[in-house]
Amino acid sequence: MRHGKYRFLIGALAPPLLLYGVFVVSPYAQAFYLALTDWDGLSAEARLVGLANFTDLWGDPLFLAALRNNAFLLLAVPTATIALALFFAACLTLGGRRRRGVRGSGLYRIVYFFPQLLSVAILGVLFQFVYTPGNGLLNGLLDAVGLDALQRSWLADPATALPAVTAVMVWSAVGFYVVLFTAAMESVPADIVEAAVLDGAGNLTVFRRITLPLVWDSVQVAYVYLGILALDGFALVQIMTVGPGGPDNATEVIGLTLYRAAFTYGEFGYASAMGVTLFFITLTLTALALRATKRERVELA
Amino acid sequence: MYAHPSRRSLLRASTMAGAAAVLSGCVTAGGDDPAPQATGAVTDDNPLGVPDGADLEVVIFNGGYGEEYTRHAVTLYEERHPDATVTHEGLQKVGEVLQPRFVSGEPPDVVDNSGAGRLDIAALAAAGQLTDLADLLDAPSLDDPAVPVRDLLLPGVVEDGTLDGTVRYLNYSYVVWGLWYSRSLFDRHGWSVPATWDDMLALCEDIKGAGIAPWTWQGKYPEYMMDPLQSLAAKAGGIELVHAIDNLEPDAWRHEAVLAAADAIHRLAAGGHFLEGSEGLSHTEAQNAWCSGRAAFIPCGSWIEGEQQDVTPEGFDMAMAAVPALTAADALPNGAVQGASSESFLVPAQARNPRGGLEYLRCLFSGEVARGFAESAKAMPVVRGATDGLDLAPGLASVAAALETAGDDVFGYKYRTWYPELAVEVDTATGELLAGRADPEQWADRIQAAADAVAADDSIAKHER
């Protein structure tokens with residue numbers, strides 16, 4: 001019977017592993033190889049150029065601008081998203097007089113999820129209208145509340161373009177993490193919270209001392225996912241920004257630089273080198289984030 | 001979470017491109033054994049020597065211009081060669097369908113290699129896949145046997161299709177760039193199209209006085225504004241300057257004509273002549289603002305009429321004017337315009353019936369088919385005089401008139417297609433110039449630095465004109 005079991009296991013595992021190998025592992029392996037060549041994407045031949053592509057990267061002002069902007073996104077997007085999502089999730093689960101959430105929390109939970117249902121392309125186009133200079137939604141709103149001094153061409157000003165894109169990323173991501181954190185918070189046993197409250201803990205203390213430690217695993221996962229999201233940003237930048245990537249490279253991201261190098265300049269080798277660099281950056285940051293946020297695991301009885 | 005798919009699909013695309021590279025390796029290897037290509041007797045009626053009864057296969061890109069005109073040419077071909085069976089197929093993604101056929105040595109006889117999914121024409125030529133079109137250009141035209149096909153084509157068309165000294169393809173549609181305005185709006189206010197840039201600046205003050213923004217532009221894509229800028233430069237500096245820029249000559253971008261042109265455009269921004277916020281508008285938003293009468297001028301290519309046809313108000317009467325002269329002593333005459341051709345027709349080298357392919361193009365590049373193209377596709381064909389006497393839409397009529405005035409003084413830059421990495425920097429710098437964050441000197445220095453970098457980069461293939 002034992003043999004039969006292994007045969008079954010191997011039979012069941014082989015097809016997915018094969019698919020994974022062909023469609024995930026082999027392209028990655030190929031990208032690593034291409035990063036060492038000067039392949040132009042069309043010719044049959046590619047010359048090995050060693051690490052020249054990687055050394056060129058550090059003298060490429062466009063790539064460096066992209067790195068800088070991705071670093072900004074990496075700081076801003078996860079922090080803002082997690083903070084907002086935790087706040088909203090806490091309101092939904094802990095708020096209200098009887099700690100069952102603020103009134104209408106069921107409805108909010110659904111509404112928060114809406115942005116998640118929109119594709120990035122639609123988001124980009126919608127927010128383009130929000131940021132339209134002159135009579136756009138945002139400028140109109142500022143005008144209506146008497147803050148017309150703040151009106152500007154949001155996406156055409158190097159100072160506000162990247163924050164404007166960041167805001168869209170946060171807006172679109174926050175709903176999903178509200179749902180994730182709400183689910184995690186609801187699994188916190190009510191008696192622990194009750195005991196804390198009986199001991200005289202206020203809402204803030206309950207959140208800080210009880211809820212947050214118990215949902216920390218979810219926060220950690222959220223941080224990694226949002227970090228990956230922040231290292232990308234390609235689609236939004238491509239659709240929304242001036243240029244795209246402008247003004248004056250203010251919204252250039254690695255994905256865009258890579259795409260342009262490959263499909264506009266025909267420098268597939270160089271683009272692969274960027275991809276490989278991004279791969280290692282993502283890997284390193286994920287490992288760092290998991291390590292930095294590591295805490296003692298709390299076991300619930 | 002879109003981080004994964006985008007990176008993964010990029011890698012997938014590179015895998016597919018890798019497969020394509022392997023396949024195209026076969027392309028050059030398979031060239032040793034060409035399929036038999038028949039030729040027929042050359043007569044006055046059959047100047048290209050199309051073999052009797054040979055079938056013809058035409059594959060075209062069925063895009064914005066439709067396929068009416070290519071079918072029209074099929075009809076002409078069938079009239080001239082009644083024994084031939086002609087198949088005509090319109091596709092959206094020409095490249096995907098034809099790549100394996102090129103690889104296996106069984107391409108069609110004529111291809112319109114256009115649209116987003118087209119094949120890289122330079123790579124096809126390098127792989128020896130394209131027929132030399134010289135015979136076609138020297139053949140008598142269908143309209144007048146005394147005039148060869150070459151002389152029917154608008155200036156620049158043969159040059160556009162020439163790769164390394166050989167004509168490999170011919171473009172069918174002609175795009176002209178200029179300044180667009182509403183004739184009815186100008187008539188109502190008694191404005192006339194300025195002939196010089198000084199007149200333009202004076203007119204801008206008038207227009208502002210009427211409560212309308214003198215200009216708007218497609219700010220998100222600075223190349224739209226680069227077209228009038230480089231037109232001004234070409235007019236002042238002449239065709240030698242255009243060539244110097246395309247050939248990446250040192251200090252070409254710091255030429256006084258280029259600086260003067262940048263200064264002229266910069267004055268529009270400095271004088272507050274742009275519709276507020278234009279630098280943040282997409283092409284649709286800017287063009288709609290112009291169509292709704294909020295701005296008087298917009299720079300664009302001749303496709304704007306088709307692009308705006310659903311939102312253009314009744315009686316708007318759009319027209320294109322040539323970019324005004326920069327100085328009183330310009331090198332090019334006042335009517336000179338920037339023009340370029342697109343929609344590339346080619347005859348594969350391994351076609352079964354290449355003579356038929358050339359003959360088909362002779363039919364296509366005839367006055368009769370070109371007239372039909374102007375009517376059905378609402379665009380300029382590359383055939384001279386094809387739009388004469390036609391009842392054209394107002395915008396297209398103004399384009400035809402501008403071309404008529406320009407005569408042989410049509411210029412075009414190549415750096416954008418030759419060196420895309422330079423074009424990106426040009427656009428970024430132009431965006432900064434128009435937002436008032438860079439002055440013309442800084443603008444020129446920045447672009448010159450990028451041009452020098454491209455010139456010094458051995459990994460970029462260089463071209464010369």
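Chain letters run A, B, ... following the sequence lines, proteins first and then strands; every chain starts at 1. The figures here come from the full heavy-atom set of this structure, side chains too, leaving out hydrogens, waters and symmetry mates.
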Check each atom of B:Glu421 against the heavy atoms of chain A and say whether the ones under 4.5 Å are side chain, backbone, both or neither. both

Could you look at A:Thr241 and say if it's the side chain, the backbone, both or neither that has a heavy atom under 4.5 Å from chain B? backbone

Of all heavy-atom pairs between A:Ser153 and B:Gly277, which one has the smallest distance, and what is that distance? OG-CA, 3.5 Å

Out of B:Gly280, B:Ala435, B:Pro420, return the one with the most heavy atom pairs under 4.5 angstrom to chain A. B:Pro420

Is it true that, when you exclude A:Phe113 itself, more than 12 heavy atoms of the residues, nucleotides or ligands shown sit nearer than 6.0 Å to its CZ? yes

Check whether B:Lys220 reaches the backbone of A:Met240 with its side chain - one donor and one acceptor, N or O, closer than 3.5 Å. yes

Quick check: do A:Pro133 and B:Glu279 have side-chain heavy atoms less than 4.5 Å from each other? no

Evaluate the side-chain contact (heavy atoms from CB on, under 4.5 Å) criterion for residues B:Arg446 and A:Asp248: first the C-alpha distance (whole Å), next the side-chain angles of each, then the deciding distance (0.1 Å), finally the verdict. CA-CA 11 Å; B:Arg446 182 170 182 171; A:Asp248 202 11; 2.8 Å; yes

Find the distance between CD (B:Glu276) and CZ (A:Arg152) and round it off to the nearest 0.5 Å. 12.5 Å

To the nearest 0.5 angstrom, please state how far the CD atom of B:Glu425 sits from the CG atom of A:Leu62. 7.5 Å

Engaged part of A:Arg260 at the chain B interface, taking heavy atoms whose separation is under 4.5 Å: side chain

Atom CZ of A:Phe32: over 12 foreign heavy atoms under 6.0 Å: yes

Non-hydrogen atoms of B:Gly219 and A:Val242 that approach each other most closely: O-CG1, 3.7 Å

Side chain to side chain, B:Ser282 and A:Gln128, heavy atoms closer than 4.5 Å: yes

Whatever's closer than 4.5 Å to a heavy atom in chain B on A:Asn249 counts as both

Assess whether side-chain contact (heavy atoms from CB on, under 4.5 Å) is satisfied between A:Thr132 and B:Glu285, documenting all intermediate values. CA-CA 9 Å; A:Thr132 298; B:Glu285 290 169 330; 3.1 Å; yes

What part of A:Glu267 is in contact with chain B, defined as an atom under 4.5 angstrom from a non-hydrogen atom: side chain, backbone, both or neither? side chain

